[in-house]
Novice: 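Pasting in a structure now, in structure tokens, and then I'll have a few things to ask.
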Amino acid sequence: MIGRLKAFFKQFWDFGPRQNFKLGLYGPPNSGKTTLANKICLDWLGQEMGTTSAIPHETREINVKDQITIKGKTGKELMFNLVDTPGIATKIDYEDFMKAGMSAGKAKKRAREATKGVIESIKWLDQVDTVLVVLDCTEDPYSQVNVTIIGNLAARNIPVLIVANKIDLKKASLRKVQSAFPQYEVFGISAKYGKNMDEFYEKLFELAAK
Amino acid sequence: MVTLHFVPYTEIEPLSGVGRIRKLLSIAKENKIVLLQGRLRQEEETELIKTTMEEINKEFKGIELAVINPSETAKDGLQKLKYDVLGYLFGDTQGLTIIGPSSIVKKIKNDPGQIELLTSELRQSKASVTHSRSNSEVRQIKSGASKVQEAARKKRK
């Protein structure tokens with residue numbers, strides 16, 4: 001209802017992209033959310049936001065970086081608060097962390113924190129204004145977690161851009177992500193190597209204007 | 001042995017959102033694969049993930065989840081319209097939801113017209129109560145009403 005009212009009034013008072021909104025990074029574990037957050041922060045603040053790891057669920061708490069200002073090609077500025085969220089999963093097994101080389105104690109602690117992280121991510125869906133759904137485009141995009149996150153954002157009328165990350169990898173398939181979510185715009189990047197980042201920042205202006 | 005538990009939509013229809021989630025999760029926690037006729041609402045699906053996380057412990061490691069929505073698998077606009085109208089008339093009874101405990105279902109591949117379940121058999125160790133995984137096998141469940149009926153027949157037996 002609030003979303004519909006916002007959309008109604010927006011047609012009369014639309015003066016360009018919103019400012020100072022909460023931009024959430026959502027997606028499954030290990031899709032590169034924190035790598036993207038780090039790249040954005042490094043490009044515009046000169047410092048990284050969080051640590052990354054090949055072991056899933058490295059980010060287990062919500063991290064917010066306030067007042068990031070980016071500049072577009074035309075000189076326009078966009079200010080937002082970046083919200084990096086723990087990856088959403090339907091299962092967490094501490095034995096998987098042990099297989100990655102962790103001790104039983106550390107693995108159990110990580111699993112406990114990871115479950116809390118997923119709950120926090122879901123709670124934060126109420127607080128974000130715009131979302132980048134970060135997907136690993138070397139993985140199967142038809143996972144129910146992806147569908148549930150995107151469906152939930154659509155039900156809340158939250159503007160979404162699907163970021164197909166890791167396009168630098170051989171197995172990457174942007175087309176597969178596009179065919180899984182044909183009603184959404186999908187943009188391919190490599191957050192790790194900074195590929196397509198200039199065009200990505202321009203997309204943020206378009207997303208903020210929605 | 002893998003047990004499939006069919007839940008007709010009429011069984012969850014009168015329940016509240018929380019009640020539906022509790023019912024489905026309690027079946028999954030009995031190491032059974034739930035085949036639900038129809039779908040949960042968007043917010044219920046998210047709540048299902050949240051509740052699953054709250055209930056994870058030594059024995060229960062989570063779930064694998066997949067939903068087949070006939071409207072999304074429609075081959076053309078006319079077929080999509082047909083399913084959308086049916087969805088409008090019959091609510092969330094269209095489609096199929098699969099919820100499997102992750103101790104049994106290793107992975108669900110939703111492609112999106114058919115669903116593949118990669119299961120692990122459970123073997124109970126004499127020395128401990130914990131389960132160990134062995135003999136992975138692939139089972140396929142194709143979408144469509146006939147498969148729902150098949151599961152219903154199994155339940156009646």
Side-chain angles (χ1 to χ4, degrees), chain A residues 26 28-29 56-57 60 85-99 104 107-108 110-126 131 139-158 176-177 179-184, chain B residues 21 24-25 28 39-69 71-74 77 80 95-118 120 130-133:
Chain A
Y26 273 86
H57 299 286
R60 300 183 293 281
T85 66
I88 297 182
T90 55
K91 60 176 180 183
I92 293 169
D93 188 347
Y94 75 89
E95 286 176 10
D96 291 338
F97 302 137
M98 285 173 73
K99 281 176 201 159
K108 282 178 186 171
R110 191 182 181 95
R112 232 181 359 257
E113 290 171 353
T115 56
K116 284 180 188 162
V118 175
I119 295 167
E120 281 305 303
S121 289
I122 292 172
K123 282 182 183 167
W124 264 77
L125 281 169
D126 289 326
V131 167
E139 296 284 332
D140 177 18
Y142 290 102
S143 124
Q144 193 57 37
V145 166
N146 298 345
V147 177
T148 302
I149 298 170
I150 293 169
N152 219 277
L153 293 165
R156 292 163 197 255
N157 280 318
I158 296 174
K176 216 171 171 186
V177 181
S179 64
F181 302 103
Q183 63 276 52
Y184 292 91
Chain B
I21 290 159
L24 298 173
L25 263 187
R39 292 173 296 152
L40 293 170
R41 293 188 200 106
Q42 280 293 348
E43 64 274 17
E44 287 170 353
E45 255 179 48
T46 318
E47 202 57 37
L48 174 68
I49 298 176
K50 202 170 133 213
T51 311
T52 301
M53 287 298 121
E54 286 165 354
E55 304 216 348
I56 281 181
N57 55 33
K58 253 186 176 179
E59 305 296 321
F60 180 64
K61 306 282 170 60
I63 56 165
E64 280 289 346
L65 174 69
V67 179
I68 291 183
N69 184 356
S71 166
E72 282 166 16
T73 56
K80 189 176 178 346
L96 182 72
T97 303
I98 300 171
I99 303 165
S102 65
S103 54
I104 292 178
V105 182
K106 277 176 87 176
K107 199 179 176 187
I108 300 182
K109 212 175 148 195
N110 193 346
D111 201 5
Q114 75 172 26
I115 283 180
E116 272 179 45
L117 290 185
L118 180 67
S120 339
T130 54
H131 296 111
S132 65
R133 291 171 183 169

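None of these values were measured; they are calculated from a predicted model. Any value given below was found using the heavy atoms of this structure, including those in side chains, with hydrogens, waters and symmetry copies removed. Below, chain A is the first sequence line, B the second, and so on; all start at residue 1.
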Novice: What residue in B:Asn57, B:Ile108, B:Ile63 has the most heavy-atom pairs under 4.5 Å with chain A?
Specialist: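 Of the options given, most contacts go to B:Ile63.
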
Novice: Run the side-chain contact (heavy atoms from CB on, under 4.5 Å) test against A:Lys116 and tell me which residues pass, sequence neighbours left out.
Specialist: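 side-chain contact (heavy atoms from CB on, under 4.5 Å) list for A:Lys116, sorted by chain: empty.
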
Novice: For A:Asp140, is it the side chain, the backbone, both or neither that has a heavy atom under 4.5 Å from a heavy atom of chain B?
Specialist: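 For A:Asp140, the side chain is the part near chain B, not the backbone.
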
Novice: Go through the atoms of A:Ile88 and report whether side chain, backbone, both or neither lie under 4.5 Å from a heavy atom of chain B.
Specialist: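 Just the side chain, heavy atoms under 4.5 Å.
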
Novice: I'd like to know if B:Glu64 and A:Lys91 make a salt bridge, using a cut-off of under 4.0 Å between side-chain N and carboxylate O.
Specialist: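 Here B:Glu64 pairs with A:Lys91 in a salt bridge, since their nearest N and O are under 4.0 Å apart.
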
Novice: State, yes or no, whether a side-chain contact exists between B:Leu40 and B:Leu24 at a heavy-atom distance under 4.5 Å.
Specialist: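 Yes, their side chains come closer than 4.5 Å.
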
Novice: Under a 4.5 Å cut-off applied to non-hydrogen side-chain atoms, are B:Glu45 and A:Gln144 in contact?
Specialist: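 Side-chain contact under 4.5 Å: yes.
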
Novice: Measuring heavy-atom distances to chain A, does B:Leu65 have an atom under 4.5 Å in its side chain, in its backbone, in both, or in neither?
Specialist: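 For B:Leu65, the contact with chain A is made by backbone and side chain together.
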
Novice: Name the region of B:Thr52, side chain, backbone, both or neither, that has any atom closer than 4.5 Å to a heavy atom of chain A.
Specialist: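 It is the side chain, since no backbone atom gets that close.
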
Novice: Sort out for me which of A:Ala111, A:Ala89, A:Ala180, A:Ser143 touches chain B most, counting heavy-atom pairs under 4.5 Å.
Specialist: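 Winner by heavy-atom pair count: A:Ala89.
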
Novice: Looking only at heavy atoms, what is the nearest atom pair of B:Gly100 and B:Val105, with distance?
Specialist: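 Looks like CA-CG2, 3.7 Å.
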
Novice: Quick one, B:Thr46 and A:Leu125 - any side-chain contact, counting heavy atoms below 4.5 Å?
Specialist: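 Contact flag for B:Thr46/A:Leu125 side chains = yes.
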
Novice: Under 4.5 Å from any heavy atom of chain B, what part of A:Ile122 do you find: side chain, backbone, both or neither?
Specialist: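 Side chain only.
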
